[in-house]
2 protein chains.
Amino acid sequence: MKQLEHPCQEALTLTAVLAALSDSVRLDIVRELAECGERGSSAFDCDIANSTLSHHLKVLRLAGVIQHRKEGTRCFVSLRPCMERAFPGLLASVLRFHPADVRAEAEAPTA
Amino acid sequence: MKQLEHPCQEALTLTAVLAALSDSVRLDIVRELAECGERGSSAFDCDIANSTLSHHLKVLRLAGVIQHRKEGTRCFVSLRPCMERAFPGLLASVLRFHPADVRAEAEAPTA
DNA sequence: ATCTATGTTCGACGAACATCGAATGAAAGA
DNA sequence: TCTTTCATTCGATGTTCGTCGAACATAGAT
């Protein structure tokens, strides 16, 4: 069973992590993983092509944010503990804030 | 004296802030501002063209991270307090970590 | 009024990115 | 073995980004 490559902890860079988190699709993915733990990679409800999702997961993986675990033909992703060691508290500091659209919905009058 | 435009606090988005911080030149600028306070915009010692520096400052300004203050022909930039209100603690959480090259220098043997 | 110093904007360029569909790969099941 | 299923990779396309030099704008000095 071929596993995907993960960079070692020393190779993680702050700018790469921030770049990985600066996309709304990827930020949603990370948020979901932080709240619900490991998920099958097909369990994300974003309206994008499968190949695009795979690309975003790769970006997050190469930045050190998530890890892939293959099991048969399926693939599970979760937050990478290594990330917390390299940049302790960073992820929590980012996920504390909700994305712009959610804030807008919460603040805007319903009408 | 024409001042430059700054977005209002409600318009700031998390992804835009992260994207603004995901460039090493801009991260260095923010780090310097956080440590030394307001600076003249020509006082940054990055080896880039003036127009490129201006571009980076614009990205940071539009993301809400910094503010511009013009005084005569000169221009001073500083961290924007509004940023701390919109995303309290975020900047500190990011700046706590040093950029990759600095870490590499600190960890790698000199030989 | 003209010059000078300081910054911003414009136009252009290559590099990197987000996206998609198609092709490929890998593993389980018939 | 053949098929099916799931995910990654490839190739293509349009967009965005970082960078530069040149042109412009503004304010002070001569």
Side-chain angles (χ1 to χ4, degrees), chain A residues 1-7 13-30 32-33 38-63 65-78 99-101, chain B residues 1-7 13-30 32-33 38-63 65-78 99-101:
Chain A
M1 175 152 345
K2 194 181 67 173
Q3 296 291 336
L4 297 174
E5 258 188 75
H6 293 74
T13 69
L14 180 56
T15 50
V17 172
L18 294 175
L21 298 177
S22 69
D23 181 277
S24 62
V25 173
R26 293 195 290 264
L27 196 53
D28 285 346
I29 291 175
V30 172
E32 212 158 326
L33 290 178
E38 188 182 64
R39 304 205 60 171
S41 71
S42 58
F44 296 102
D45 56 348
C46 27
D47 279 345
I48 56 178
N50 222 321
S51 54
T52 306
L53 173 61
S54 193
H55 160 69
H56 283 307
L57 292 177
K58 183 177 184 178
V59 172
L60 287 170
R61 188 181 74 242
L62 293 183
V65 180
I66 68 173
Q67 58 189 4
H68 279 204
R69 179 175 66 83
K70 306 207 86 170
E71 188 173 297
T73 69
R74 306 194 53 192
C75 171
F76 296 89
V77 298
S78 56
D101 42 341
Chain B
M1 179 157 339
K2 194 181 67 174
Q3 295 292 333
L4 297 175
E5 259 187 75
H6 294 74
T13 70
L14 181 55
T15 50
V17 172
L18 294 175
L21 297 177
S22 69
D23 181 275
S24 62
V25 172
R26 292 195 291 262
L27 197 52
D28 286 345
I29 292 175
V30 172
E32 211 157 327
L33 290 178
E38 188 181 65
R39 304 205 60 172
S41 70
S42 59
F44 297 102
D45 54 350
C46 27
D47 277 347
I48 55 178
N50 221 321
S51 55
T52 304
L53 173 61
S54 192
H55 160 71
H56 284 306
L57 293 177
K58 183 178 185 179
V59 172
L60 286 171
R61 188 181 75 242
L62 293 183
V65 180
I66 68 173
Q67 60 189 3
H68 279 205
R69 179 175 67 84
K70 305 206 86 169
E71 188 172 298
T73 68
R74 305 193 54 192
C75 171
F76 296 89
V77 298
S78 56
D101 43 343

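So that the names make sense, note that chain A is the first sequence line, chain B the second, and so on, each numbered from 1.
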Please report the distance, rounded to the nearest Å, between [atom1] in [X] and [atom2] in [N].
X       : N      : atom1 : atom2 : answer
B:His56 : D:dC17 : NE2   : C1'   : 9 Å
A:Lys58 : C:dC17 : NZ    : C1'   : 13 Å
B:Asp28 : D:dG18 : CG    : C1'   : 15 Å
B:Phe76 : C:dG7  : CZ    : C1'   : 13 Å
B:Arg74 : D:dG28 : CZ    : P     : 13 Å
A:Leu4  : C:dT24 : CG    : P     : 20 Å
B:Asn50 : C:dA5  : CG    : C1'   : 11 Å
B:Ile29 : C:dG7  : CD1   : P     : 13 Å

Is the phosphate of [N], meaning OP1 or OP2, less than 4.0 Å from a side-chain N or O of [X]?
X       : N      : result
A:Ser42 : D:dA7  : yes
A:Thr52 : C:dC20 : yes
B:Thr73 : C:dT6  : no
B:His55 : C:dC10 : no
A:Arg26 : C:dA18 : yes

Do side-chain atoms of B:Ser22 reach the backbone of B:Ala19 as a donor and acceptor pair under 3.5 angstrom?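 At least one qualifying donor-acceptor pair exists.
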Expected output: side-chain A:Arg61 to main-chain A:Glu5 donor-acceptor under 3.5 Å: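 Judged by distance alone, yes, a pair lies under 3.5 Å.
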Tell me what A:Leu57 touches on the nucleic acid: a base, only sugar-phosphate, or nothing, going by heavy atoms under 4.0 Å.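 It contacts nothing in the nucleic acid.
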Closest-nucleotide mapping onto DNA chain C: is A:Leu53 or B:Ser54 further toward the 5' terminus? I mean the 5' end.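 Closest to the 5' end, via its nearest nucleotide, is B:Ser54.
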Evaluate the side-chain proximity of B:Val65 to B:Arg26: yes if any heavy-atom separation is below 4.5 Å, no if none is.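 In short, these two side chains do not touch, never coming nearer than 4.5 Å.
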Can you find a pair of side-chain heavy atoms, one from B:Ser41 and one from B:His68, that are under 4.5 Å apart?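 Side chain of B:Ser41 against side chain of B:His68, heavy atoms only: no contact under 4.5 Å found.
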Write down the atom of A:Glu32, the atom of A:Ala43, and the distance for their closest heavy-atom approach.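 Smallest heavy-atom distance, with atoms named: OE2-O, 4.1 Å.
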hbond_proxy B:Ser51 side chain to D:dG21 base (donor-acceptor, 3.5 Å cutoff):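 By the distance-only test, yes, there is a pair.
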